[in-house]
Structures are given as structure tokens and as C-alpha cells.
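Comments concern the structure below.
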Amino acid sequence: MTRLSEMMEKQPRLLSSKLFQRHRQFEVVLNRSVLAWKEIERSRQRSSGISSESETAHSHAIQVCEIVAVRKSEEDDQDDTKTGGQKKAKQRYQLYPHAFTVSYVRRTGQHQWRCSDVTFHCANQALCEEWIQVINEQLSLLASRPKSLLVYINPYGGKRRGKRIYEQKVAPLFRRASISADVIVTERANHARDHLKTEANLDKYDGVVCVGGDGMFSEILHGLVTRTQTDHGVDQNQPDAELVPCSLRIGIIPAGSTDCICFATVGTNDPVTSALHIIVGDSQPMDVCSVHHNDFFLRYSVSLLGYGFYGDVLTDSERKRWLGPARYDLSGVKTFLSHNYYEGTVSFLPAEDDMGNPRDKLQCRSGCHVCQHKPSSKDKPWETSEEKEKSDKDSSSGWSVIRGKFIAINAASMSCACPRSPKGLSPSAHLADGTTDLILVRKCSRFDFLRHLLRHTNKEDQFDHSFVEVHRVRTFRFQPRHQEPVSLEDLSETPKKKGFGPICSGQMTCNYSKAQSSWTCDGEILPHAAIQASVQCQLIRLFARGIEEQQQQQ
Ligand SMILES: CCCCCCCCCCCCC/C=C/[C@@H](O)[C@H](CO)NC(=O)CCCCCCCCCCCCCCC
Ligand SMILES: Nc1ncnc2c1ncn2[C@@H]1O[C@H](COP(=O)(O)OP(=O)(O)OP(=O)(O)O)[C@@H](O)[C@H]1O
Ligand SMILES: [Ca+2]
């Protein structure tokens, strides 16, 4: 076949017909990108001088790429039967028994999507079949849509509703869109990760879906990234290794406690919305931060890598798993009252100036320009501030070094927006820019820290405090103080950690050598306090499109 005839073959056919919907006649047009229908009666009224006010209400357009499926209608598909007009529907069905139903994405506000149906009646069977065939031809040209998925369900995540959510809300939509799914209900923690790492035949699939929370997503991330590196002979233990991006996209059906990754990539944590993003084949690249201790790989992070406050909250909340999502609030209050601080040294390599900065109020949204701009060199540092203490070696290589007493050290590779904090830990962090926002909260009063925390829940700037600084970085290191060579002067200082009430209490004692917190890495506790973290730009892709700027109500 010649190239021209090949191209002709791939060109979708266009259609235009007069079809019926309810008791009205519509001009229905399908072109390359849009299916549109407009009521014929109303247009005539307009041309005869009668008000055309209601015309827009009766003219609709949907993007072909947002059509879920088309099928031959059953009698039940008649719109009027649902709205009580059974008699009319029956009459029309007898008059025009040949009908087809198009299922499509409808936006309902708050970034939520729903699957809606519209049914068109045709004058004859051939026309009806032609419409179904042409719409299906168009859908088959959408190459980014998955046909086959591997689904892992955590039956114990969040409020333990994962299985029900999948069976009742997601599986019917996948069936409607002719997506085949192999489902594995996990039997233990790390079941999904281990299966992906070694057993799963990934050639069969166009994507992997997890039904659960951020912990379950983390399992899929680790399974898929590790599998990809193994297949390509890349050693994850080398902090400088150039990791190979994963070819399969990941879908998240939210059914967990925090669902921060779903929330920050879709704008809501709603299972039906996520299922529809998978069906239409959306693709959102995402940064992954690799975390090492010396030359030993620890974990990957996509959301929050936190030491001090959040590390302590997570450590405490692990013992309260039975409480479900409320465990974070209880441990949060307890940790807040403990008011601990930790000493150490943070070194980081700042991102270039043109990568924006965490306080520029440029939020990462669908089609984000910052994320589309790929830096030419990873090593060009931005200018470092004078206040920072720098060793000769470090200043020459572009590293900034900050030594201090910190209540929290947080690295947010994405905004970390979630229902608890709708704008997130770093509202202007980007999903796929190859950087993480490093937030340092220095020792301050309880009252000041509370003011800072509260700003995560309102519109005020949580970085606008003298004790908070934030840097956009490509890589950073942390060294807790007690692991550094200790000078006599250091030893004469007071203990580095204070508790609430009795000074020696809880998980830590006043023992100087234990004055450390732990890192929480997307909700998992790391076994080492001294770490090195590097952002791997766009290592994975999700079935998402980022948060949409404007809600088009339909
Ligand atoms: C006064 C209200 C202040 C509210 C401040 C809320 C800030 C919340 C920021 C949430 C950031 C979540 C980042 C998500 C990370 C996920 O990868 C991870 C795995 O699911 N989840 C957590 O680490 C789970 C982290 C959960 C952290 C909950 C922290 C709750 C703090 C409550 C402090 C109460 C102080 C009360 C004083 C009277
Ligand atoms: N069958 C299982 N039994 C026990 N634990 C499991 C099972 N399957 C997965 N897990 C583990 O459960 C943990 C929590 O899962 P998930 O993220 O789905 O729910 P969650 O309640 O939101 O937790 P998180 O707050 O960590 O996001 C995960 O770390 C995962 O490894
Ligand atoms: Ca990022």
C-alpha cells in the first residue's frame, strides 16, 4: 500500500445525519474531533424571528477523545424511560427502533467527571450501524487508550472499601469501554510490588492500576521502576545512575486514607473520575525522587519526603493503624504538642533560575509550561544566598549548605495537595519539572509553628515566616548532627530535643546520641536519617492530565 493510501485508510470518515432524540429532531455531525448535535426545530424558529434563547441549550458538542463507547441501544437506554416518559419513548421506539447510545465524559464541577449517555434514533438500521461503525473507527484511532490493564486491589486500604469500589464503580466502566482487566486482590503487604518486580508478564498490558491509597501506589511505583531497571541492567544502588523511564502508565483508583497523589494529579479523589481518565488514555509524566544512604538504595518518593514533624507523625501513626485515617490527626496533635526539633546539615543543589521558584504562585496545571521545559544541563546552579554557610569545595560546585535546628525538613516533589490541605505543602511545586521543593522549618515557638501549620489550610502563604525557607532543588543531602564529628564545644551544649511536659518521654529520650527523627518517604519510614535524594525527571507516567484549569460545565 502506498503512503498516501495508507493515510487515506487512517482518515476517519465524517458523518452528518438527521436523527431523533426524545421527541425532537437533531442535525448530528461527526467530524475528526467533535460529535455535535443541534436541534432542527429551534433553528427554524430562529430564522422565522422567534427567540433563539434556548438554542444553545439544545446544541451540544463533545470531544471524540472524551467518548467512552458507542453501542446499539436497548429499549432501556431511552432517555425518556428514565425521566418518566415511558409512553413517548415506547412510541418513538416503535417508530424508530434503530438507535445507538454514546457514552461520554461529562464534567460536574470540583474536577469530577461522570459518564453520561445520549441516545440517537435513526430512520433505518443501515444508518444506525453506520454511525456505530464510524464512531468506533474514530475511537480505534486514539492510540493512547489502554486495551488491557493489570489491576491490583488492596482490600485493606483506607476504609477497606477497595474491592467494592472497583467492582461497583470501575469494572462496569472498563467493560463498557471494552478494556480487559486482569485483577489481583492482594493478600499481604508488598504482594503487588513483588509480583510486578519478578512475575508479572508486562508485555500483555498497556498499564497497571492500583486500587488503594498512597501506600499502594508506592508499591506499584517500586515494583515497576525496579523491574524496568533490572530489565535494562541499571543498578539502583548507584545514586548517580541514570534511571530508565517506565513504559507502562499507572492508574490510581483512590481508596486510601490520604490519596495525595491522586488528588494532586487529578484534582479530586473520586474513583469514577480516575477510571474515566484511564479509559480516555490520559498521560501525565511525573518526577520520582530516589533516596539513598551512602551507596545503598532506600526508596523512591513522589510526594513527601519529610524529617522531623512529619517523620514523627508517621512513626507514631503506624502504631495506630487500627484507627484508620483518623490516626494521622491524633498523631499530628501528639507530635505538635511534643514540639521537637532536630539538628543537622542540609546541602542542596539548587535548580536553575528558569525553573521558577516555590513562591512564584505559578501552580502546576494541565499542560503546565514549566513541566514541558526540559533543562539542557542538570548542573547549572542558581545564585546562592549570602546568609548560607558554604565550604570552599561546596561553593565551587554549586552546592548550598545550611546547618541548623529544624522542626521539619520537607521535600515536596509535587504540591502534596489533599483534602487535609487543598493547596498542599508546596502549592507551586510541579509534577514533572525534575525538581523538589525543599522546605526548612527552623526551631520556633509552638505558637509560630501552629501559625505555619494553619496556613496549609487557608489562602495565606505558609512560607512567609522568618523561621521558614524554601528552595527549589534537584538533589539534596541531610546529615543529622550526632553522626558528624562532635567537638568539645558541641558536647557542652544543652540536649537537642525537648519534649512536651516531662522532657524525657515518648519514642525519644534525652539521650543526646538518639536525638534524631526519621524520614517519612511517601508514608513509609526510612531506616536511616542520613540520606541523599535526587529527582529523576519524568521517570513515570500516570493515567491523568494534571488539574484542569477551568471547569467546562456541560
Ligand atoms: C491545625 C491544622 C493543621 C493542619 C496541617 C495539615 C498539613 C497537612 C499536610 C499534608 C501533607 C500530606 C502529604 C502526603 C503524603 C503522603 O505521601 C503520605 C502517604 O499517604 N501521607 C502522609 O504522610 C500523611 C501525612 C499526614 C499528616 C497529617 C498532619 C496532621 C497535623 C495535625 C496538626 C495538628 C495541630 C493541632 C494543634 C492543636
Ligand atoms: N492484602 C494486604 N494486606 C495488608 N496490607 C496490605 C495488603 N495489600 C497492600 N497492603 C499494604 O497496605 C498499606 C496501606 O495501603 P493503602 O495505601 O492502600 O491504604 P491507606 O490506608 O491509604 O494507607 P496510606 O495512608 O499508607 O496511604 C500499603 O503500604 C500496602 O503495602
Ligand atoms: Ca517536581
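Ligands are counted one by one from 1 in listed order, and the atoms in each one are counted from 1 as well. In this text, all values refer to a predicted model and were calculated from it rather than measured experimentally.
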Y152 contact mode with ligand 2 (heavy-atom cut-off under 4.0 Å): neither
Part of E318 with heavy atoms under 4.0 Å of ligand 2, whether side chain, backbone, both or neither: neither
Atom 6 (C) of ligand 1: nearest protein contact (heavy atom, Å): H456 CB, 4.4 Å
Salt bridge D270-K169, side-chain N to carboxylate O under 4.0 Å: no
H430 N/O/S atom closer than 3.0 Å to the Ca ion (ligand 3): yes
Pairing of R442 and D448 as salt bridge, 4.0 angstrom limit: no
Contact partition for R193 relative to ligand 2, non-hydrogen atoms under 4.0 Å: neither
For atom 17 (O) of ligand 2, the option (of G215, C210, S317) bearing the nearest heavy atom: G215
Side chain, backbone, both or neither: the part of L314 lying under 4.0 Å from ligand 1 by heavy atom: side chain
T435 near the Ca ion (ligand 3): N/O/S under 3.0 Å: yes
Sub-3.5 Å N/O-N/O distance, G256 and ligand 2: no
Chi angles and distances behind the salt bridge (charged side-chain N to carboxylate O under 4.0 Å, His left out) call for R193, E219: CA-CA 5 Å; R193 184 198 66 184; E219 279 202 29; over 6 Å; no
Name, closest N/O/S atom of D287 to the Ca ion (ligand 3): OD2
Metal site the Ca ion (ligand 3): N/O/S of D433 inside 3.0 Å: yes
Short N/O/S contact of S413 with the Ca ion (ligand 3) (below 3.0 Å): yes
Identity of the nearest option to atom 23 (O) of ligand 2, non-hydrogen atoms only, from R327, M216, E187: R327
